[in-house]
2 protein chains.
Amino acid sequence: MKGALREKIASEITLSDYPGKTIRKWREELEITQHELSKFLELSPSVISDYESGRRKSPGTKTVRKIVDALLELDKTRKSSLYFAEPDNLNEIILSMKDFPVGLSPSIFLKKIQGVNLSKAVPLVRNIHGYTVLDSLKTITTLRSSDYWKIYGWSTERALVFTGVKFGRSPMVAVRAHPLKPAMVVYVRPERVDPLAVKLAELENVTLVRTQLSKSEVVSRLEAL
Amino acid sequence: MKGALREKIASEITLSDYPGKTIRKWREELEITQHELSKFLELSPSVISDYESGRRKSPGTKTVRKIVDALLELDKTRKSSLYFAEPDNLNEIILSMKDFPVGLSPSIFLKKIQGVNLSKAVPLVRNIHGYTVLDSLKTITTLRSSDYWKIYGWSTERALVFTGVKFGRSPMVAVRAHPLKPAMVVYVRPERVDPLAVKLAELENVTLVRTQLSKSEVVSRLEAL
DNA sequence: TGAGTTATTCGTCATAAGACGAAGCAGCTT
DNA sequence: AAGCTGCTTCGTCTTATGACGAATAACTCA
């Protein structure tokens, strides 16, 4: 599984306007200090800072690769590895999951699940390349933040469908906190939707959707796609 | 859909030992000449050659990004765009498709479909992160080589399951010809398996598998995973 | 045969990357 | 107040990148 994350980080750094900021993002996400990283790479700590601060604007592929590999290696060889934890009770958390061969337009996706768009400030343009249906409570309580990336499968351009939602606050907070962001978040029969959730969605440019269909109905409709 | 391919190419270049070779691979895959590329980028053609030949060993992220974007842009704005063709009859070709939340060990995957490993020279180590079930004949006859990438979903570390296979030659030739390679190729009830197919599989380090289960049985077993 | 396309090699140049170490600053501890 | 950690800023150095253009070589095709 290393490959997918390695590629994700590498492409994100390479395609970023500010590679240094992206390096920093992932270093912090993996809870590695500049000093640790520089020690591993046998470099002066100031070098890392120079990259992250943008003094070096366009690091070479060799540099990017060794930084990515160092980050993953440092994370791996650590007592509480964030991204190399053992596979756990994912099957209880993930109720259904799929990736589409071709991207679906968000409006078509919405119709299929009779969804209502709550985040009107977010333009409905990001195509949906898959979905993951999650038990909201179990996700929040048993999934370590560090395992969140596993629910993204092979694209973050997907819909995260949360069931068992009360106010819809925690799921959006989780999305906000984690570096990987979905294109869409769907709440299945929420009791009500907290305005903060909508605000967070708009901040993250994530489409927030509510559907009043039942959990099983949503799952069967999605699996029929 | 541009994003996924863009990220794929970018990460491949960045993580490659020889970024230049990877650039060349994708330029040729997209059927773009050095001259076209250099003209688009307002550069001298020799610059591209210098990159590809490895004179510049570690191009900066800025350079990689503009090359990747130029390649995709040039492909897009062309009469017979290879990677931006309209969505077509994919639904007829793809019988089933899924990505797993966690990688499956190849031996477990084999057991699930009662598969027999034909490529003994290939070590059984690449985890399977998803599968695509394809109608072999339709794939070969109606899917343009340029659309092959659509069957890979979000990871190439997957099993391509071909149904309606006679000798199993064409599918492996297709795999050999295309830059994206799966981790595993499965033939569902082939009449017989051409030794050349095995040879090609071993050359590409792809596990080649035969199962005698029926098409519908294989699909239902896979979808139950 | 000779023009046209495609790609390579290479000398050269300015600028940026890649690296160091010293100095400095904010925020904690003890 | 002294010391530690985490990070930043900056002057300085060597080397490599990023770019050019000219020369060359191999191929096709009229």
Side-chain angles (χ1 to χ4, degrees), chain A residues 9-10 12-71 73-75 78-80 82 179, chain B residues 9-10 12-71 73-75 78-80 82 179:
Chain A
I9 299 177
E12 222 178 80
I13 293 173
T14 303
L15 297 173
S16 169
D17 277 324
Y18 303 98
K21 286 191 183 176
T22 311
I23 292 172
R24 164 170 288 153
K25 182 182 94 171
W26 283 102
R27 180 180 59 76
E28 289 179 342
E29 170 63 20
L30 295 169
E31 293 174 15
I32 293 165
T33 65
Q34 288 185 351
H35 186 254
E36 281 180 281
L37 181 56
S38 66
K39 206 178 70 184
F40 184 92
L41 290 170
E42 297 180 308
L43 288 174
S44 167
S46 68
V47 174
I48 308 299
S49 178
D50 278 346
Y51 282 120
E52 294 189 356
S53 70
R55 193 188 186 191
R56 215 76 66 245
K57 291 186 191 79
S58 176
T61 57
K62 212 191 295 174
T63 307
V64 173
R65 189 167 70 143
K66 74 184 188 186
I67 289 177
V68 171
D69 285 340
L71 289 175
E73 200 52 43
L74 281 168
D75 174 65
R78 136 178 316 183
K79 51 273 160 208
S80 61
L82 288 178
Chain B
I9 300 176
E12 222 178 80
I13 293 172
T14 302
L15 297 174
S16 170
D17 277 323
Y18 303 99
K21 286 192 183 175
T22 311
I23 292 171
R24 165 171 287 148
K25 183 183 96 172
W26 283 102
R27 179 180 59 77
E28 290 178 341
E29 170 63 20
L30 295 170
E31 294 174 16
I32 293 165
T33 66
Q34 288 185 350
H35 187 252
E36 282 179 282
L37 181 57
S38 66
K39 207 178 70 183
F40 184 91
L41 291 169
E42 296 180 308
L43 289 174
S44 167
S46 67
V47 174
I48 309 298
S49 179
D50 279 345
Y51 282 121
E52 293 188 358
S53 70
R55 192 187 187 194
R56 216 75 65 240
K57 292 187 190 81
S58 177
T61 57
K62 213 192 292 172
T63 308
V64 173
R65 188 166 70 140
K66 73 183 187 187
I67 289 177
V68 171
D69 286 339
L71 288 175
E73 200 51 45
L74 280 169
D75 174 66
R78 137 179 315 183
K79 51 272 160 207
S80 60
L82 288 178

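Sequence lines set the chain letters: A, B, ... in the order given, protein chains first and strands last, and positions in each chain run from 1.
Using a distance-only test at 3.5 Å, with no hydrogens or angles considered, no donor-acceptor pair links the side chain of A/Thr61 to the main chain of B/Ser58. Not one N or O on the side chain of A/Arg56 forms a donor-acceptor pair closer than 3.5 Å with the backbone of A/Tyr51.
Applying the 3.5 Å distance criterion, the base of C/dG18 shares no donor-acceptor pair with the side chain of A/Thr63. Between the base of D/dG21 and the side chain of B/Ser46 there is a donor-acceptor pair shorter than 3.5 Å. For C/dG11, its base sits under 3.5 Å from the side chain of B/Arg55 at one donor and acceptor pair at least. Remark: the A/Arg56 side chain and the C/dA19 base include a donor-acceptor N/O pair separated by less than 3.5 Å.
Atom P of nucleotide D/dA16 and atom CG of B/Asp50 are separated by 15 Å, given to the nearest angstrom. For the pair B/Glu31 CD and C/dT6 P, the computed distance is 13 Å after rounding to whole Å. In this structure, A/Ile48 atom CD1 and D/dT8 atom C1' are separated by 13 Å, rounded to whole Å. We find that CD of B/Glu42 is positioned 15 Å from C1' of D/dC20, with the value rounded to whole Å. Atom CD1 in A/Ile32 sits roughly 13 Å away from atom P in D/dG6 (whole-Å rounding). Atom NZ of B/Lys62 and atom P of C/dT15 are 14 Å apart (whole Å). What separates CZ of A/Arg65 from C1' of C/dG18 is a distance of 17 Å, to the nearest Å. Atom CD in B/Glu52 sits about 17 Å away from atom P in C/dC10, given to the nearest Å.
The shortest heavy-atom contact between A/Ile23 and A/Glu52 is CG2-OE2, 4.0 Å.
A/Ser44 comes within contact range of at least one nucleobase, with a heavy-atom separation under 4.0 Å. Backbone-only engagement by A/Thr33 is indicated by non-hydrogen atom pairs under 4.0 Å involving sugar-phosphate atoms exclusively.
When the side-chain nitrogen and oxygen atoms of B/Lys66 are compared with OP1 and OP2 of D/dA19, one or more of them lie within a distance under 4.0 Å. Residue A/Tyr51 places at least one side-chain N or O closer than 4.0 Å to OP1 or OP2 of C/dA19. Between A/Gln34 and D/dT8, a side-chain N or O to OP1/OP2 separation shorter than 4.0 Å is present.
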I would like to know whether A/Ile13 and A/Val68 meet side chain to side chain contact (heavy atoms under 4.5 Å, CB included); could you show each step before the answer?
-> CA-CA 9 Å; A/Ile13 293 173; A/Val68 171; 3.9 Å; yes

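Within a 6.0 Å sphere centred on OH of B/Tyr18, other residues, nucleotides and ligands contribute 12 heavy atoms or fewer.
Set against C/dG18, C/dC20, D/dC20, the side chain of B/Leu43 has D/dC20 as its closest nucleotide. Checking D/dT17, D/dT9, C/dA7 against every side-chain atom of B/Ser58, the shortest atom distance belongs to D/dT17.
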